[in-house]
Protein chains: 2
Amino acid sequence: MPPLSRAENRAEQTRAILDRARAQLAEVGPAALSVRQIAREVGLVSSAVYRYFPSRDELLTALIVEAYEELADAVEEAEAGVRRRTALDKRFLAVAHAIRGWALAHPHQYALLYGSPVPGYVAPDTTVNSAGRISGAFLRLAQESEVAGDEHAPALPVGTAEHRALGGIRPALETPVSDQRTVRWLMAWSTVFGHVSLELFGHMHRGILDYDAHFKQVTGQLVADLGLRPARG
Amino acid sequence: MPPLSRAENRAEQTRAILDRARAQLAEVGPAALSVRQIAREVGLVSSAVYRYFPSRDELLTALIVEAYEELADAVEEAEAGVRRRTALDKRFLAVAHAIRGWALAHPHQYALLYGSPVPGYVAPDTTVNSAGRISGAFLRLAQESEVAGDEHAPALPVGTAEHRALGGIRPALETPVSDQRTVRWLMAWSTVFGHVSLELFGHMHRGILDYDAHFKQVTGQLVADLGLRPARG
DNA sequence: CCAAAAGCAAGAGCACCGCTCTCGTTTTGT
DNA sequence: ACAAAACGAGAGCGGTGCTCTTGCTTTTGG
């Protein structure tokens, strides 16, 4: 076979490093991820890795972006699987369970995304976009629920302070959503991720005996509170 | 002054190490906490520290316990500050805002408790007790709300699976609480910690423009959903 | 009371880490 | 054809957690 061109080799090495890094992340977690160990596994000396990633943090950032994309893929795929002619309640449940399912299947990656931020790390713009795909799934459903005229559970009036606080959300909406409904959806967002984090990080230990059942109950309640109707009206 | 007895010296050194460790934790976070650096600051050689804490993880565990106690103190103090003749809604708000306030004031400690678990770390029983004080505050309010007969927002029926899943909660209750109310309170718990974690770990960046206002709105909505009445009936 | 035991601090040392720099070699673009 | 750029290897720096040995001091038991 012909020798690899420099560009090909670079692409392949980069991928190999990322593959091993992802595997190591899944095994030992982000804190124990070692550039030297990755170099060994990929057949390089440690300093050579720095030709591809300028620092351990940059490598971790790449893994964070990857993880966001994976989670976003899982979420969108789950929603797409039930999209056509499916009511919003089922789509919301699909999204929520996709998030939890992915988190349980990839605990270290989830912790990397939603656990304590890595010390020296500040989110680059690339991760912001990826992260937007997750919240985007919620926002899309919220908008559709608004146009469908779903009647969510009674919500407190929204004062001017909170109205202003929500100012960062509105630009992301193509269809306007009432402040009250926005608050309810943000709460659902917090509840889902709060539940998953508390479960995954061990804070429900000895309290909840059946995580699956309880999450089902919680998401069901969220569907009710959001006023997502099972049939289409 | 008389020379310190061995026991006195040991207690003092242990405290000095913990003090410096806590300070370092607050400054650089748990991942960058260094036994050698602590030893330097406390005027010891690194190996001497191991006479007091057998490993870095044990030292971190001690800090976790301390942090739990601190948070629990803050929560109970906040609740006690408004306890007498105060309605449940204000007490719940006091608890929720105490949690968030403490988290904002001690972000690294909060991350240590509710962020990604430290890799090699498994919670010893001592931390379980401390953690129980936090959830205990919620459970106490839930019980009082039950005996007060508060009417929470409509809740889905609880099937046998979820009833069994809640089996770990009931033993911790002195006064029985209905399954539906228990679910609502667990959801409030997830929402509060979910919100704080999402806020603190940067996931609301560019979305929510005023965290204080939004948290106020969310906790107010939780009060309503839990049916906590402002006046006493 | 005094020797044995136990506790303590220090230092050297091991294996690892992230990262930098230099030095030949190979590929690239002109 | 040749200079420039990219690359891999190796040595090395300063740091880490942790262990072990060596002396010294305090406590303890006969």
Side-chain angles (χ1 to χ4, degrees), chain A residues 1-21 23-25 27-64 112 117-122, chain B residues 1-25 27-64 108 112 117-122:
Chain A
M1 54 185 178
L4 295 178
S5 79
R6 203 132 245 192
E8 286 170 329
N9 184 270
R10 177 162 192 90
E12 193 147 314
Q13 290 281 44
T14 305
R15 208 176 50 77
I17 292 173
L18 272 178
D19 281 353
R20 289 312 308 155
Q24 205 177 114
L25 171 64
E27 287 166 21
V28 299
L33 188 136
S34 154
V35 174
R36 292 179 113 108
Q37 182 61 32
I38 292 169
R40 260 173 248 128
E41 294 177 3
V42 89
L44 280 180
V45 82
S46 72
S47 62
V49 175
Y50 289 86
R51 300 257 177 215
Y52 299 89
F53 294 92
S55 75
R56 182 180 174 277
D57 273 6
E58 292 282 336
L59 182 51
L60 261 179
T61 300
L63 291 177
I64 290 177
L112 195 58
V118 188
Y121 167 84
V122 276
Chain B
M1 54 182 179
L4 296 178
S5 80
R6 203 131 246 192
E8 287 170 330
N9 183 273
R10 178 163 191 89
E12 194 148 313
Q13 290 281 42
T14 305
R15 208 176 49 78
I17 292 172
L18 271 179
D19 281 353
R20 290 311 309 154
R22 192 183 325 117
Q24 205 178 112
L25 171 63
E27 288 166 20
V28 298
L33 188 136
S34 155
V35 174
R36 293 179 112 107
Q37 181 61 32
I38 292 168
R40 261 174 247 128
E41 294 177 3
V42 89
L44 280 180
V45 81
S46 72
S47 61
V49 175
Y50 289 86
R51 298 248 171 222
Y52 299 90
F53 295 92
S55 75
R56 182 179 174 277
D57 273 7
E58 292 281 336
L59 182 51
L60 261 179
T61 300
L63 291 177
I64 290 177
H108 282 125
L112 195 58
V118 188
Y121 166 81
V122 277

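- Residue B/Q13 places no side-chain N or O under 4.0 Å from the OP1 or OP2 atom of C/dC8.
- Counting non-hydrogen atoms under 4.0 angstrom, B/Y52 reaches the backbone sugars and phosphates but no base.
- Between A/I38 and A/L33 there is a side-chain heavy-atom pair separated by less than 4.5 Å.
- With rounding to whole Å, A/L33 atom CG is found 11 Å from C/dC19 atom P.
- The CG atom of B/L60 sits 10 Å away from the P atom of D/dC18 (whole-angstrom rounding).
- Summarising the geometry of A/V35 relative to A/R56, their closest heavy-atom pair is CG2-CB, 3.9 Å, with the distance given to 0.1 Å.
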Please list, pair by pair, any protein nitrogen or oxygen found under 3.5 Å from a nitrogen or oxygen in nucleotides 28-30 of chain C.
unit_1: C/dT28; atom_1: OP1; unit_2: A/R6; atom_2: N; d: 2.9

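- Atom-to-atom, OH of B/Y50 to P of D/dC18 comes out at 4 Å; the value is rounded to the nearest Å.
- Remark: P of C/dA9 and CZ of B/F53 are 13 Å apart, rounded to the nearest angstrom.
- Considering every non-hydrogen atom in both B/L25 and B/P30, the closest pair reads CD1-N, 3.4 Å.
- Evaluation of the side-chain contact (heavy atoms from CB on, under 4.5 Å) rule for A/S34 yields A/Q24, A/R36, A/Q37 as partners, not counting sequence neighbours.
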- Item | Sugar-phosphate or base contact per nucleotide [nucleotides 10-16 of chain C; S, B, -; heavy atom under 4.0 Å] | BB-B---
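- Contacts of B/L59 with the nucleic acid, taken as non-hydrogen atoms under 4.0 Å apart, are absent.
- At the phosphate of C/dC8, OP1 or OP2 sits under 4.0 Å from a side-chain N or O atom of B/R10.
- Considering only residues two or more places apart in sequence or on other chains, B/R15 meets the side-chain contact (heavy atoms from CB on, under 4.5 Å) condition with B/D19.
- The side chain of A/V35 approaches C/dG18 more closely than any other nucleotide in the set C/dG18, D/dG8, D/dT16.
- With sequence neighbours excluded, the residues satisfying side-chain contact (heavy atoms from CB on, under 4.5 Å) with B/F53 are B/T14, B/I17, B/L18, B/L59, B/A62.
- Phosphate contact (OP1/OP2 of C/dA9, side-chain N/O of B/N9, threshold under 4.0 Å): present.
- Remark: B/A23 pairs with B/R20, B/E27 by the side-chain contact (heavy atoms from CB on, under 4.5 Å) rule, at least two apart or across chains.
- Remark: C1' of C/dC17 and CG of A/D57 are 14 Å apart, rounded to the nearest angstrom.
- Minimum interatomic distance between B/S46 and B/A39 (heavy atoms only, all atoms of both residues): CA-CB, 3.6 Å.
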